[in-house]
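Please read the structure below before turning to the comments.
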Amino acid sequence: MTAVRSTLPDDARKVACAALQDTLVDLLGLSLIGKQAHWNVVGPRFRSIHLQLDEVVTAARTFADTVAERSAALGVPPDGRPETVARDFTLPAPKEGWVRDEDAVRVMVESLQEAIGRLRERIEATETADPVTQDLLIAITADLEKQRWMFDAENFPRES
């Protein structure tokens with residue numbers, strides 16, 4: 001049953017909503033790993049990283065809501081249930097327990113890098129199918145790239 005009818009043709013809607021669903025899972029998972037690291041980070045850079053992690057969590061949660069609402073507007077119910085996220089989420093995550101500040105930074109750089117790569121693939125996939133969804137994915141990518149840069153700068157200079 002479709003409660004909301006889409007303005008897109010079925011094929012375009014399927015492409016756009018698949019990209020949106022995959023992005024929703026990545027964003028919800030990213031918010032969870034960000035909070036996990038936020039609660040457990042330790043080390044000399046605790047405060048700055050603790051606060052920066054909250055920025056990522058807030059952005060991921062805000063974008064997740066926007067992505068889910070876009071999917072609903074296209075007539076496909078978004079699926080952000082815990083079991084869906086647990087089943088489909090595959091970005092790097094911190095280990096259980098206390099997380100050293102440099103490990104929190106590393107895992108966030110890796111997670112954001114992978115999420116950005118996936119978003120870029122979805123941007124390509126939605127170019128013709130739905131430029132509106134593509135535009136949303138581009139905006140999310142820009143913000144996550146900024147977040148990745150800020151975490152990556154935490155580990156400068158790197159040892160060779």
Side-chain angles (χ1 to χ4, degrees), residues 8 12 15-74 76 78-80 84-95 99-160:
L8 294 177
V15 169
C17 289
L20 291 165
Q21 178 61 38
D22 291 344
T23 300
L24 179 62
V25 168
D26 281 353
L27 290 168
L28 291 172
L30 193 58
S31 75
L32 293 171
I33 64 171
K35 267 303 179 188
Q36 182 66 22
H38 170 86
W39 295 321
N40 292 292
V41 67
V42 294
R45 296 180 293 163
F46 163 80
R47 182 158 173 75
S48 65
I49 293 170
H50 181 80
L51 296 173
Q52 191 174 350
L53 286 161
D54 259 350
E55 290 178 25
V56 171
V57 170
T58 298
R61 287 178 177 168
T62 300
F63 287 135
D65 190 52
T66 303
V67 163
E69 289 175 351
R70 176 71 185 150
S71 184
L74 294 177
V76 175
D79 188 355
T84 302
V85 176
R87 182 190 67 223
D88 297 344
F89 183 74
T90 60
L91 294 176
K95 299 199 180 334
V99 181
R100 292 286 310 167
D101 51 5
E102 65 267 11
D103 293 332
V105 168
R106 180 190 45 75
V107 78
M108 291 310 297
V109 169
E110 290 172 1
S111 295
L112 289 163
Q113 179 74 35
E114 198 165 319
I116 290 162
R118 293 177 188 183
L119 277 162
R120 288 189 172 281
E121 291 172 4
R122 295 174 196 139
I123 287 167
E124 278 188 45
T126 56
E127 181 178 13
T128 302
D130 183 19
V132 175
T133 294
Q134 183 194 42
D135 187 55
L136 173 59
L137 298 177
I138 289 168
I140 294 168
T141 302
D143 191 81
L144 294 185
E145 284 179 336
K146 180 181 90 173
Q147 296 293 340
R148 187 204 162 280
W149 158 59
M150 290 181 171
F151 276 108
D152 202 29
E154 286 279 348
N155 280 341
F156 185 83
R158 287 182 187 79
E159 295 194 25
S160 301

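When all heavy atoms of Ala93 and Ile33 are compared, the pair lying nearest together is CB-CG2, 3.4 Å. In this structure, Val57 and Gly34 approach most closely via the heavy-atom pair CG2-C, 3.6 Å. In terms of heavy atoms, Ala19 sits closest to Leu137 at CB-CD1, 4.2 Å. Taking both residues in full, the closest heavy atoms of Ser48 and Glu154 are given as OG-OE2, 3.9 Å, listed atom of the first, atom of the second, then distance. Taking both residues in full, the closest heavy atoms of Ala59 and Asp143 are given as CB-OD2, 3.6 Å, listed atom of the first, atom of the second, then distance.
The closest side-chain heavy-atom distance from Asp103 to Pro94 is not below 4.5 Å. With a 4.5 Å cut-off on side-chain heavy atoms, Leu30 and Leu112 count as touching. By the 4.5 Å heavy-atom criterion applied to side chains, Leu20 and Val76 are not counted as neighbours. Side-chain contact check for Leu24 versus Ser71: every heavy-atom pair is 4.5 Å or farther apart. Taking the side chain as every heavy atom from C-beta outward, Val41 and Gln52 never approach each other to under 4.5 Å. Proximity of Leu8 to Val132: side-chain heavy atoms (C-beta onward) are nowhere separated by under 4.5 Å. Between Trp39 and Lys35, the closest side-chain pair of non-hydrogen atoms falls below 4.5 Å. No side-chain heavy atom of Asp79 sits under 4.5 Å from any side-chain heavy atom of Asp88.
Thr141 places no side-chain N or O within donor-acceptor distance of the main-chain N or O of Ile116, the cut-off being under 3.5 Å.
Here the CG atom belonging to Leu28 is positioned 9.5 Å from the CZ atom belonging to Phe89, to the nearest 0.5 angstrom. Expressed to the nearest 0.5 Å, how far CZ of Arg61 lies from CG of Asp54 amounts to 8.0 Å. Atom CG of residue Leu27 and atom CG of residue Leu32 lie 11.0 Å apart, to the nearest 0.5 angstrom. With rounding to the nearest 0.5 Å, the separation of CG in Leu119 from CG in Leu144 is 6.0 Å. With rounding to the nearest 0.5 Å, the separation of CD1 in Ile140 from CG in Asp135 is 10.0 Å.
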Run Met150 and Val56 through side-chain contact (heavy atoms from CB on, under 4.5 Å) and show every step you take.
CA-CA 10 Å; Met150 290 181 171; Val56 171; over 6 Å; no
Show, in sequence, the C-alpha distance, side-chain angles and deciding distance for Lys146 and Glu55, and conclude whether the salt bridge (charged side-chain N to carboxylate O under 4.0 Å, His left out) test is met.
CA-CA 11 Å; Lys146 180 181 90 173; Glu55 290 178 25; over 6 Å; no
Check the pair Thr133, Arg70 against side chain to side chain donor-acceptor pair (under 3.5 Å), reporting the backbone distance first and the verdict last.
CA-CA 8 Å; Thr133 294; Arg70 176 71 185 150; 3.1 Å; yes
If you apply the rule side-chain contact (heavy atoms from CB on, under 4.5 Å), what do you find for Leu74 with Asp130, and how did you get there?
CA-CA 10 Å; Leu74 294 177; Asp130 183 19; 3.7 Å; yes
Residues Gln36, Val107; criterion side-chain contact (heavy atoms from CB on, under 4.5 Å); working and verdict:
CA-CA 11 Å; Gln36 182 66 22; Val107 78; over 6 Å; no
I would like to know whether Asn155 and Arg45 meet side-chain contact (heavy atoms from CB on, under 4.5 Å); could you show each step before the answer?
CA-CA 11 Å; Asn155 280 341; Arg45 296 180 293 163; 3.5 Å; yes
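Between Glu110 and Arg106 there is a salt bridge, with a side-chain nitrogen of the basic residue lying less than 4.0 Å from a carboxylate oxygen of the acidic one. Salt bridge annotation for Arg118-Glu114: present, with a cationic side-chain nitrogen under 4.0 angstrom from a carboxylate oxygen.
For His50, the ring-ring contact (aromatic ring centres under 6.0 Å, His included) partners are His38, Phe46, not counting sequence neighbours.
No more than 12 heavy atoms of other residues, nucleotides or ligands sit less than 6.0 Å from atom CZ of Arg47. Crowding of Glu124 atom CD: a count of heavy atoms from other residues, nucleotides or ligands under 6.0 Å not exceeding 12.
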